[in-house]
Structure formats: C-alpha cells, structure tokens
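This one's a predicted model, so the numbers in the text were calculated from it and none came from an experiment.
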Amino acid sequence: METKPVITCLKTLLIVYSFVFWITGAILLAVGVWGKLMLGPYISLIADNSTNAPYVLIGTGTVIIVFGLFGCFATCRGSPWMLKLYAMFLSLVFLAELVAGISGFVFRHEIKGTFHRTYNDAVLNYNAEDEASRAVDNLQHKLRCCGVYNYSSWLASVYYPSNGIPASCCFNSSDCNQEDLRNATIAPTKVFQQGCYELVTSFMETNMAIIAGVTFGIAFSQLIGMLLACCLSRIITANQYEMV
C-alpha cells in the first residue's frame, strides 16, 4: 500500500474528528454561558457556596475550541510535533473527563446530601426577596412541589409566622390568599403535596446512569483522536512526508 493515500486518509479522518471535537467545545461553552445566566439561582441551592461550575464549562469549552482548531491546523500542516502535542492534549482531556465522570457517580450521594442541606436552609431562611428565595419559588412553581419533603417544612421557617406558606406552593394561584396560607388547617388543601427534594433526587437517580454513560462515551472518543494523531505523526516521521 502506498504511503501517500494512507496519510491522506488519516488526515481526512483526523480533520473530521477535530471538527467534531471543536463542536463539543462550542457546546460546552454555550452550556456554561447558559448555566451562568439562567441557572445561577438554582446552582446556589445545590452547592454550599457559590460554585464555579459554569466558569469551568466556559473555560473548558474555550480551550477545546482553540485546540480543535489547532488540531485541524496541525493535520493540514502535517507537522509531527504538532500532532504529538495535539495527542497529548487529547489524553489530558480524556483523563479529566474520566475523573469527572467517576467522581460524579461515586459522590452522587454527597451531592444529594448537599442539596438537602442547602435547600432546607433556603426554606428555613426564606424571605421572598434574596436570590435563594427566588430560586426556591421558581423551583416550587416549575416542579409543582412544596417544601423539602412536603408543605410542613415551611411551618418551621422564619417566613411562616407572619406570611404563611409562600404562594409559589399554590396549585391554583387564583384560589390562594395569604390568610389561607397562614392557616395550618386550610393551607394543606391549597398547596402541592409532594416535596421538592424527592422530585429532584429521583430525577438525579434516574438520569445518573445516562449522564455517566454519555460522559464516559465522550471521554473514550478522545482515544480515537489520540490514535489518529499518533499514527499520522509516526507515518509522516517514518516516511519523511511533508505537506507543501
């Protein structure tokens, strides 16, 4: 088999791979920006302190975009050292994604515990004004849930004695007033019965295997790029091939 057709084939495959790799970087960047702009309040309910997860996604996506373009350039140029550098970067991405996927799966129960603690604190210290309180309202309204385990979680909050259960718990806002929400007998008939903690954690449990599978799939796809880059670099070096 002639060397030039093999190199051309490998270059084509690596360029296609680099383009797909670049797209994943753009997706991560978009998800990071979207998470920062739209999910900031919700993230505050999952983490004890302000989390840098959106910034990590933005940074990772930006770096992948840059190296995706670098991979295309290195492939077209036919430079062995550039291809080796690209393969090295892919190996680092592979290890990082592998560690992230394993950590998320292993520590999923700690994530649930953290969510329970921070959400419970947000309910107890609810004031209807700060960011955490607005996040609680949005979560209860969109998921059609109330409190941590049920509406009774609100009875111990600082908000309940003077204002009752928040209106975001009402399943019919037109038939829900503050006087009813302060009444421990009437309020249960006006609000959602299911707690938010159960809904969120059941969603996590149901989808954790899918999320882990996708993460590992993306991680192991880096091995294809590493293999292509290393093979192309080796063949070019062995045959002293240069792209003019």
Side-chain angles (χ1 to χ4, degrees), residues 30-54 56-57 103-215:
V31 170
V33 173
W34 176 75
K36 178 60 183 174
L37 296 177
M38 303 299 293
L39 301 181
Y42 298 105
I43 293 175
S44 67
L45 294 177
I46 299 175
D48 286 318
N49 302 306
S50 178
T51 179
N52 293 319
V56 171
L57 289 175
S103 298
F105 189 77
V106 171
F107 295 109
R108 64 189 185 282
H109 297 298
E110 290 189 18
I111 296 174
K112 290 168 59 178
T114 300
F115 171 68
H116 178 272
R117 184 169 57 255
T118 54
Y119 188 65
N120 188 61
D121 289 343
V123 168
L124 294 177
N125 299 300
Y126 178 89
N127 60 18
E129 296 178 357
D130 61 15
E131 184 180 61
S133 297
R134 291 193 297 271
V136 169
D137 282 335
N138 289 332
L139 188 67
Q140 292 187 148
H141 178 70
K142 291 183 177 179
L143 296 184
R144 300 178 66 82
C145 58
C146 186
V148 181
Y149 292 108
N150 53 48
Y151 70 90
S152 63
S153 303
W154 287 104
L155 303 181
S157 70
V158 296
Y159 184 81
Y160 181 79
S162 57
N163 300 283
I165 298 174
S168 58
C169 277
C170 297
F171 54 77
N172 184 0
S173 57
S174 62
D175 183 31
C176 209
N177 57 64
Q178 194 174 64
E179 184 177 346
D180 289 341
L181 292 174
R182 280 203 303 264
N183 190 312
T185 303
I186 299 176
T189 65
K190 304 283 186 177
V191 300
F192 302 119
Q193 297 300 306
Q194 189 167 18
C196 297
Y197 176 75
E198 181 182 349
L199 281 177
V200 173
T201 53
S202 63
F203 174 83
M204 290 173 59
E205 286 292 338
T206 302
N207 293 278
M208 185 58 71
I210 297 175
I211 295 172
V214 170
T215 301

- Mind checking what makes side-chain hydrogen bond (donor to acceptor under 3.5 Å, both in side chains) contact with S168, not counting sequence neighbours? D137, Q140
- Task: Examine distances only and state if a side-chain atom of S153 and a backbone atom of V148 form a donor-acceptor pair shorter than 3.5 Å.
- Result: yes
- Message: On a heavy-atom basis, which atom in L199 and which in C145 lie closest, and how many Å separate them?
- Response: CD1-CB, 3.7 Å
- Item | Rounded distance [0.5 Å steps], OH in Y149 versus CG in N120 | 8.0 Å
- Message: Please verify the inter-ring angle class for W154 with Y159; under 30° counts as parallel, over 60° as perpendicular, anything in between as tilted.
- Response: perpendicular
- Message: Can you give me the closest heavy-atom contact between T189 and I186, atom names plus distance?
- Response: OG1-O, 2.5 Å
- Message: Under a 3.5 Å distance rule, please check whether N138 uses its side chain to pair with a backbone N or O of R134 as donor and acceptor.
- Response: yes
- Side chains of Y119 and V136: closer than 4.5 Å at any heavy-atom pair? yes
- Q178, CD atom: more than 12 neighbouring heavy atoms under 6.0 Å: yes
- Item | Considering all heavy atoms, the nearest T185-P188 contact | O-CD, 3.4 Å
- Please report the closest heavy-atom contact between N172 and S174, naming both atoms and the distance. OD1-OG, 2.7 Å
- Query: Parallel, tilted or perpendicular: which describes the rings of F192 and F171, with under 30° parallel and over 60° perpendicular?
  - Reply: tilted
- Query: What pair of heavy atoms forms the shortest contact from C176 to K190, and how long is it?
  - Reply: SG-CB, 4.0 Å
- Taking the SG atom of each, are C196 and C146 under 2.5 Å apart? no
- Task: Say whether D121 and T118, considering side chains only, have a donor N or O and an acceptor N or O under 3.5 Å apart.
- Result: no
- Query: Can you check side chain to side chain contact (heavy atoms under 4.5 Å, CB included) on Y160 and I165, steps first, answer last?
  - Reply: CA-CA 6 Å; Y160 181 79; I165 298 174; 4.0 Å; yes
- Positive for side-chain contact (heavy atoms from CB on, under 4.5 Å) with V191, one of N150, D180, L181: L181
- Item | Pairwise side-chain contact, Q193 with Y151, heavy-atom cut-off 4.5 Å (strictly under) | yes
